Amino acid sequence: MTPSFTLLRRSLGRLPQRTSPFISAKGNGRGRRTRSLHTSAVSQHSGINRPAPGTGIKVHFKDSKGNLLKTVEANEGDDVLAIAHEYDIDLEGACEGSVACSTCHVILPPEYYDLLPEPEDDENDMLDMAFGLTDTSRLGCQVKLTRELDGLTATLPSATRNMFVDGKKASH
């Protein structure tokens with residue numbers, strides 16, 4: 001049975017509904033259930049614009065041994081995962097920033113970690129599966145740059161656990 005045929009049969013009520021983290025079933029107030037699809041904004045999945053040299057927020061990327069990989073500049077609002085992809089830093093991001101994996105796990109210094117908002121529950125759930133989890137671990141896709149994060153160091157763990165698809169290189 002093809003996936004589209006399965007969805008059609010489900011929507012006609014011939015197959016039981018399954019729960020998905022992306023699809024929710026809600027009542028419409030008339031005794032019927034409607035289905036809505038959760039999507040993310042296209043801008044979250046596109047590349048970033050590099051700032052003019054000397055005008056951006058500096059981000060330092062280090063490997064698991066503390067060796068500097070690269071220092072780059074980015075704009076306020078850019079996330080660490082998109083920055084890493086823009087500058088060819090090997091931070092995987094298998095789910096392309098949809099908070100459905102832990103492959104963009106980074107370790108931050110405590111002084112920068114404390115400047116960020118608390119992680120949401122879905123981020124914490126994914127971090128529980130991250131390799132080499134620390135007290136200052138975050139998902140790179142959820143770390144949005146602000147001016148006060150200038151000079152941030154993001155350390156990549158020695159390995160990742162990819163529950164999504166082994167070998168997939170994200171296009172984020």
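Just so you know, residue 1 is the first one in the sequence shown, and it goes up from there. This one's a predicted model, so the numbers in the text were calculated from it and none came from an experiment.
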Looking at Cys141 and Gly97, what are the two nearest heavy atoms and their distance? CB-CA, 3.7 Å
Which atoms form the tightest heavy-atom contact between Ser137 and Gly132, and what is the distance? OG-O, 4.3 Å
Examine distances only and state if a side-chain atom of Arg50 and a backbone atom of Val72 form a donor-acceptor pair shorter than 3.5 Å. no
Contacts of Thr71 meeting side-chain hydrogen bond (donor to acceptor under 3.5 Å, both in side chains) (sequence neighbours excluded), chain-then-number -> His60
Measure the shortest side-chain to side-chain distance between Ser102 and Leu139 over non-hydrogen atoms and say whether it is less than 4.5 angstrom. yes
Kindly indicate whether the side chain of Leu115, heavy atoms from C-beta on, has any atom under 4.5 Å from the side chain of Leu152. no
Hey, does Phe61 have a side-chain heavy atom less than 4.5 Å from the side chain of Val106? no
Is the shortest side-chain heavy-atom distance between Asp78 and Val59 below 4.5 Å? no
What's the separation between atom OG1 in Thr146 and atom CD1 in Ile57, rounded to the nearest 0.5 Å? 6.5 Å
Nearest atoms (heavy-atom pairs only) where Ala94 meets Cys101: N-SG, 3.9 Å
Measure across Ala100 and Cys95 and return the closest heavy-atom pair with its distance rounded to 0.1 Å. N-SG, 3.3 Å
Scanning both residues in full, the closest heavy-atom pair of Glu73 with Pro51 reads O-CD, 3.5 Å
Out of curiosity, Ile48 CD1 to Leu81 CG, how far, rounded to the nearest 0.5 Å? 10.0 Å
The criterion is side-chain hydrogen bond (donor to acceptor under 3.5 Å, both in side chains); which residues satisfy it with Glu123, sequence neighbours excluded? Arg138
Rounded at 0.5 Å granularity, tell me how far NZ in Lys62 sits from CD1 in Ile89. 13.5 Å
Residue set satisfying salt bridge (charged side-chain N to carboxylate O under 4.0 Å, His left out) with Lys70, at least two apart, ordered chain then number -> none
From CG (Asp79) to NE2 (His85), nearest 0.5 Å: 9.5 Å
Minimum-distance pair of heavy atoms, taken over all atoms of Phe131 and Ser158: CE2-OG, 3.3 Å
Atom CG of residue position Asp114 - does it have more than 12 heavy atoms of other residues, nucleotides or ligands inside 6.0 Å? yes
Distance, nearest 0.5 Å, that separates CG of Leu149 from CD of Glu76: 9.0 Å
Between CD of Glu96 and SG of Cys104, what distance do you get to the nearest 0.5 Å? 11.5 Å
Using a cut-off of 6.0 Å, state whether more than 12 heavy atoms not belonging to Asp135 lie near its atom CG. no
Side-chain (Tyr112) to main-chain (Asp150) donor-acceptor, under 3.5 angstrom: yes
Counting N and O atoms only, with roles assigned by atom type, does the side chain of His105 sit under 3.5 Å from a partner on the main chain of Leu133, one being a donor and the other an acceptor? no
Measure the shortest side-chain to side-chain distance between Leu108 and Leu116 over non-hydrogen atoms and say whether it is less than 4.5 angstrom. yes
Within the structure provided, determine whether Ile107 and Thr136 are in side-chain contact (heavy-atom separation under 4.5 Å). yes
